[in-house]
Amino acid sequence: MRKIPLDKMRNIGIIAHIDAGKTTTSERVLFYTGKNYKIGEVHDGAATMDWMVQEQERGITITAAATTCKWKDITINLIDTPGHVDFTIEVERSLKVLDGAVVVFCGVGGVEPQSETVWRQADRYSVPRIAFVNKMDRTGSDFFAVIDQMKDRLGANVAAIQLPVGREGGFNGLVDLVEKRLIHYKDELGKDFEVKDVPEDMLADYEKYRLILVEKIAESDDKIMEDYLQGKAVTNEELKAAIRRTTIANKFVPVLCGSAFKNKGVQLVLDAVKDYLPSPIDVPAVKGTHPDTGEFEEVAADDKAPFTALCFKVASDPFVGKIYFIRMYSGTLTSGTYIYNASKRERERVTKIVKMHANHQEVTESVSTGDIAALVGLKDTKTGDTLCTEKNPILVEAMRFPEPVIQQAIEPKSKDAQEKLGLAMHKLEDEDPSFRVSYNQETGQTLIAGMGQLHLEIIIDRILREFNVEATVGAPQVAYRETIRKSVPSVGKFISQSGGRGQYGHCVIEMSPQETPGTGITFEDKIKSGSIPREFIPAVKQGVMGAAKNGVLAGYPVTDVKVVLVDGSFHEVDSSELAFKMAGSIAFQEGMKKANPVLLEPIMDIEVVVPEEFMGQIIGDLSSRRAKIIALGQRLNLRTIRANVPLSEVFNYATVTRSLTQGRASYTMEPSFYSEVPAHVAEKVILGSSTTKTRKTF
C-alpha cells in the first residue's frame, strides 16, 4: 500500500560550486522540516550531511548524502552533492536519478566555474531547476549581477521571483513577487517571520520586476503570452501555475535569494520546491531498451507496472557490508524477494531495504515508485546497473563516467598488507567509478588514477584509516593518453607450432581516429564471408581492448580509436580463442605504430580571481605554463582570468598564486578536454617514461 501519493513526492538535489553554501542550505532544510532538532554547522564539523571524517576535517562535501524529510503536505527525498570538481561523479550520478534540483549560487562569487559544470550536467539529464542566490548578507553580494551572469554564462531563461530587502549586512527580508508580500525575519533562527504588505518605498521595484517576470514567463508559455498581449492582468494563481509549467518543461528557472547561514529564505526555497519542481509523474517517462531485442521501451511511473530501478551508487558500510542506492522508476519492491540485474543478466536477492538519512539507516519492508532507498544483500551489482523483474527485463540508459586525469603509484609497506591493499582498492573502485586501479606490467607498479590531487588524497587517506593498510605512494603524475592521427589497415598473425596441436589466428583490421573526441575505443565487426568463425570474433575484440591499455609511445592507455574487423583466416584444427586474441593484440599494436601515434594530455579550465595590481604577474605566469587565456572579467574590485592550461603545468599551483600575489589570489580548476602534447614536451614525457621502465627493470 503506497504511503505517499506520487504527486506529493519531490526527488531533488542541491548542486553548486564549492563553498556556495549547499550543505549549509541542506542543514537548514533538515531543521525547518523537523528532521533535525538543531542546526549543524559545516565549520564546526557538525553538519549532518557531511558525515565522513574526511568531510568534517576539511569542511567540504566529498560524497553525495541522501535523506528524506517532510514539508507541509509533500515528502522530499534530498541529495546533498559535493561542489569540488574532483568529486563531480557524485553530482553526475545524483542528477541521473533526480527529478529536480536547487542550484545554489554565492551572492558574491556569482556563476563560478563549477556552477557552469553542474548546470551543464543538469542540462544533459534535462533536470528542471530553481536557483537560490545565497550569502545575500555578505559584503559585495549583488543579486541582480548574479542573475545577469546566469543569463550571459549559462544561457538560462531566468527571472527573480523574490527581491532582497536591505543590502549586505542589512539584509533582513524578502519581497515575494508572485504573492505581493513582504517576509520580514524577526529572530536569529529564522523560524519566526512576519508577513506584511510591500512597503511604499519598494512598490516601484515590485512593479518593475514583476513585469519582467511576467514577460519572461510569456516567452515560454502561450497562456500567459495571450493574456499579456491582450493587456489582461495576470493573477497570482495563474502566474504560479505558469512558473510551474515552464520550470518543469525546462524553459524557465525561477530565482530566489536569501542567506542560509543567517537562516533567511530557506523556508521559501522549500515552498518553491513544493510549488515549482516536478513530482515523479510530472517528468517524462524513463526510456530504456530491451536487453535481447534492443527495442526502445518506456517505464511508466506506476506502482502497478513491473518493478524497474537504477542502482546509482554503491557504498561500503562497516556493519552490513555493501549498500546499493537505487531510484525506483516503477512498481514496488519488498525485502526478501529476488530481482533481476538486466545489465549483468543475473538474479540477485534483496535481504534488506533501508531508507537513508546521511549515514544512518532506517529499515523498511518495501519501497514504491519514485522512492530513493538502499538495498542490502546484492552481490554482483555495480553503479549504473538496471534492476527489474526477469519476466520484464529492461536496460535504462547507462551513466557517463569521466576519465581520470591524474595518477599515483602505490605500494604496500609489507607483504601482509598486499592482500588488504588489493581488497581496499577493489572496494573503493566499486564505490567510485571515477577512481581506477591498474597494474603496469613493464614497471611492476600498481597505479591509482582519479579526478585530481584532492580526490587521490582522500582515497589514500581512506586506505590508511578506514582499511588500516600501510602503504607508500609516489608523487602525483599526469594521466596521459595516446591516440592516432591517420587511418591504416593492419594485419595480426599468431602462428605457433611446438609439437602436437599448434596455434593459428589471423585477422585484418582497419584503424581510424574517432570523429568525436572522448568516444574511447570502439570495435566493429564487418566479417561477411565467414573468413573468421563467429565464436572467435569476441576473442579478437578482447585482444584489441587488451592491447589498447598500453600504447606504443610511452605505454599510456589508448583512446579515441575506431577498430573495424574486415578479414582474416582460420585453421580447422589449430585455431583457438587464445590465438585470435593474440592476433587481435598484434594487429592493434602494429597498426598503432603505422597510424601516426600522438600523446594527449588533460587540459584544465582554470579561473584565477586576483586583485588588479597582481593581474600582470598571473597572466605572465600562466602564459609561461602553455596556458591559453580565454576571458578576462571583473568581480567587484577583483579581476578574473579564465584560461585553458595543461594539468602538467599547474601541479601545486596554490603555492605559486600565493607567492605571486602575497596570498591574495584564489583559483578553481576542473578537467576540460584532452589535447595533443606539443612535440618538444612529448619527447620529454616519452623519455621520462622509458627511463622509469629501465630504472625499475634493473
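For this chain, numbers begin at 1 and follow the sequence in order.
Proximity of a side-chain donor or acceptor of S343 to a complementary backbone N or O of T386 within less than 3.5 Å is detected. Without hydrogens or angle criteria, K96 side chain to Y125 main chain gives no donor-acceptor distance under 3.5 Å. Between the Q514 side chain and the G520 main chain, a donor and an acceptor come within less than 3.5 Å of each other.
A heavy-atom distance below 4.5 Å is found between the side chains of F588 and V563. You'll find the side chain of K486 stays beyond 4.5 Å of the side chain of S512, heavy atoms only. Contact check for V573 versus Y504: no side-chain heavy atoms found under the 4.5 Å cut-off. Inter-residue side-chain proximity for M511 and I509 is flagged as met; some heavy-atom pair is nearer than 4.5 Å. For the pair P412 and E470, the minimum side-chain heavy-atom distance is 4.5 Å or more.
Exactly one residue among T308, D371, D99 makes a side-chain hydrogen bond (donor to acceptor under 3.5 Å, both in side chains) with R327. That residue is D99. A side chain to side chain contact (heavy atoms under 4.5 Å, CB included) with S434 is found for exactly one of E92, E429, E90, M451, namely M451.
For the atom pair CG of L553 and CG of N550, the computed distance is 12.0 Å after rounding to the nearest 0.5 Å. In this structure, T446 OG1 and Q408 CD are separated by 13.0 Å, a value rounded to the nearest 0.5 Å. Residue M425 holds its CE atom at 7.5 Å from CD1 of I448, rounded to the nearest 0.5 Å. In this structure, M604 CE and N644 CG are separated by 10.5 Å, a value rounded to the nearest 0.5 Å. Annotation: the span from I394 atom CD1 to L310 atom CG amounts to 11.0 Å, rounded to 0.5 Å. Atoms NZ and NZ, on K581 and K541 in that order, are 13.5 Å from each other to the nearest 0.5 Å.
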Problem set entry | CA sep, side-chain torsions, deciding dist, call: T332, D303, side-chain hydrogen bond (donor to acceptor under 3.5 Å, both in side chains) | CA-CA 6 Å; T332 57; D303 289 345; over 6 Å; no
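Minimum heavy-atom separation, N250 to V127: OD1-O, 3.4 Å. When all heavy atoms of E431 and A315 are compared, the pair lying nearest together is CG-CA, 3.8 Å. Minimum interatomic distance between P404 and R481 (heavy atoms only, all atoms of both residues): O-NH2, 3.5 Å. Of all non-hydrogen atoms in Q589 and V552, the two that sit nearest each other are O-CG1, 3.8 Å.
Under a 4.0 Å N-O distance rule, the pair E676/R485 qualifies as a salt bridge. Using a cut-off of 4.0 Å between Lys/Arg side-chain N and Asp/Glu carboxylate O, K427 and D432 are scored as not salt-bridged.
Counting non-hydrogen atoms of neighbouring residues, nucleotides and ligands closer than 6.0 angstrom, the NZ atom of K344 exceeds 12 such neighbours.
Every residue two or more places apart in sequence or in another chain was checked for a ring pair (Phe, Tyr, Trp, His ring centres under 6.0 Å) with Y324, and none qualifies. By the side chain to side chain donor-acceptor pair (under 3.5 Å) test, D380 pairs with no residue at all, sequence neighbours left out. With sequence neighbours left out, F536 forms a ring pair (Phe, Tyr, Trp, His ring centres under 6.0 Å) with F580.
Side chain to side chain, T289 and E297 fail the donor-acceptor criterion of an N or O pair below 3.5 Å. Side chains of S675 and E601: no donor on one and acceptor on the other come within 3.5 Å. If you check the side chains of T381 and N341, you find a donor sitting under 3.5 Å from an acceptor.
With Y338 as the aromatic partner, R347 meets the cation-pi criteria of under 6.0 angstrom to the ring centre and within 45 degrees of the ring axis.
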